[in-house]
**Q** 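Take this structure, written in structure tokens, and hold onto it; I'll ask about it next.
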Amino acid sequence: MNILRPTRENLDDVAVALLAGQHAILPTETVYGLAANAANEEAVRQIFALKGRPADNPLIVHVSSLKQAEGFVAELPESAHLLAEAFMPGPLTLVLPKRPEVSSIITGGLNTVAIRMPDHPACLGIMELGNLALAMPSANIFMGLSPTKVEMINTLLAEKVYAIVDGGACRFGIESTVIDLTGEPTILRPGSISREEIEAVLSREVRARGAGVRNSPGMYRRHYAPRTPCRIVASLGSDQPGLVLDRPSNSHQIQLPRDPAEYARQLYAAMAELDTHGLPEFGIVAPPEDGRWTAVWDRLSKATA
Ligand code: TXA
Ligand code: MG
């Protein structure tokens, strides 16, 4: 396993490997990603095999500038410019009409492409040094927890890539907000950038995927799940394992903060930690229901589905 510190020399080295068609696991501000050069169809194709991911689940193209995004996107609507100005780089992914030359391997056969500019110096540095865009899903095995620190990366996956760049713990801890801008703006996956923040920037209402709104490929009911079966509970007994909001009452309880951003940052690592305890199941004490917790609730319902 080749774990590299994000020095300029190492970033250069990884950029060269990516340009040669190899894969790397890179830090972003959301979760770690499994990167391939977006312009190398064979390398992109291998991502699906490495993760065990179905071919119809499209990948996000990561860019280091809007100029680079223009190489993938047929047109940038006004809404995209507004959101880019407000939130890029950052944990927001825009689904836009694709250019004909963008590989259907990346888009899962759709006529749209998802674009994101990650807010992480190592990831941006590699893209700039190699002058390359990256096809990069979360660096987990299909359905599993996305890694938010290097220790969480599946060793089988880690051994198959050229290198892992260690950028420390991810700042946001859950995957980016995905918004479809090809029609009425619609949030396909909630994330750290909220619907309200997006509505404020666009000065209009934004729909959230749900009743009556079409589904996007790659949105599964169960996803982002620990190996241990888990369920949401109102409270946990003093002998029961799980994630709690108050002080833990046994060594199999992990306390998560009552702030939604802090909770999200720690959630996957806490579930991964409980996975190492070899428990038959664990409970997750329900966090508050208000809108600030939408992204957390999305991940909790996927983990417990
Ligand atoms: O925070 C993130 O977005 C992380 C980091 C590594 O950047 N990446 C990530 O990628 O979560 P992935 O592949 O695990 O999830 C991408 C999601 C999938 O649910 C996929 O269906 C959706 O984005 N997506 C990608 N392209 C799409 C498209 N053209 N239309 C609709 N949804 C799309
Ligand atoms: Mg993923």
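Computed from a predicted structure; not experimentally measured. Counting starts at 1 for both ligands and their atoms, following the listed order.
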**Q** Consider ligand 1: state whether an atom of it lies below 4.0 angstrom from any non-hydrogen atom of R53.
**A** yes
**Q** To which of S176, P97, S146 does the heavy atom nearest atom 2 (C) of ligand 1 belong?
**A** S176
**Q** Answer side chain, backbone, both or neither: which part of K98 comes under 4.0 Å from ligand 1, heavy atoms only.
**A** neither
**Q** Which residue, V285, V233, L256, forms the side chain to side chain contact (heavy atoms under 4.5 Å, CB included) with L243?
**A** L256
**Q** So, 2.8 Å as the limit: is an N/O/S atom of S138 located closer than that to the Mg ion (ligand 2)?
**A** yes
**Q** Check this for me, if you would: do E29 and R265 make a salt bridge, where the nitrogen-to-carboxylate-oxygen distance has to be below 4.0 angstrom?
**A** no
**Q** Does any N/O atom on N57 come nearer than 3.5 Å to any N/O atom on ligand 1?
**A** yes
**Q** Does D166 come within less than 4.0 Å of K149, counting only side-chain N to carboxylate O?
**A** no
**Q** If you measure from each heavy atom of T107 to ligand 1, is any distance below 4.0 Å?
**A** no
**Q** If you measure only the distance, is there a donor-acceptor pair under 3.5 Å linking the side chains of T30 and E175?
**A** no
**Q** When you measure from atom 17 (C) of ligand 1 to each heavy atom in R189, E29, E175, H62, which option holds the nearest one?
**A** R189
**Q** Under a 4.0 angstrom heavy-atom cut-off, which atoms of ligand 1 come close to G33?
**A** 6 (C)
**Q** Between atom CD1 of I105 and atom CD of Q46, what is the distance when rounded to the nearest 0.5 Å?
**A** 11.0 Å
**Q** Which ligand 1 atoms does M136 reach within 4.0 Å, using its non-hydrogen atoms?
**A** 6 (C), 8 (N), 10 (O)
**Q** For ligand 1, which part of L188 has a heavy atom less than 4.0 Å away: the side chain, the backbone, both, or neither?
**A** side chain
**Q** Heavy-atom distances under 4.0 Å are what count here, so tell me which part of T112 touches ligand 1: side chain, backbone, both or neither.
**A** both
**Q** Mind running side-chain contact (heavy atoms from CB on, under 4.5 Å) on M152 and Y268 for me, showing each step along the way?
**A** CA-CA 9 Å; M152 285 171 69; Y268 289 166; 3.9 Å; yes
**Q** Does a side-chain N-to-carboxylate-O contact under 4.0 Å join D180 and R189?
**A** no
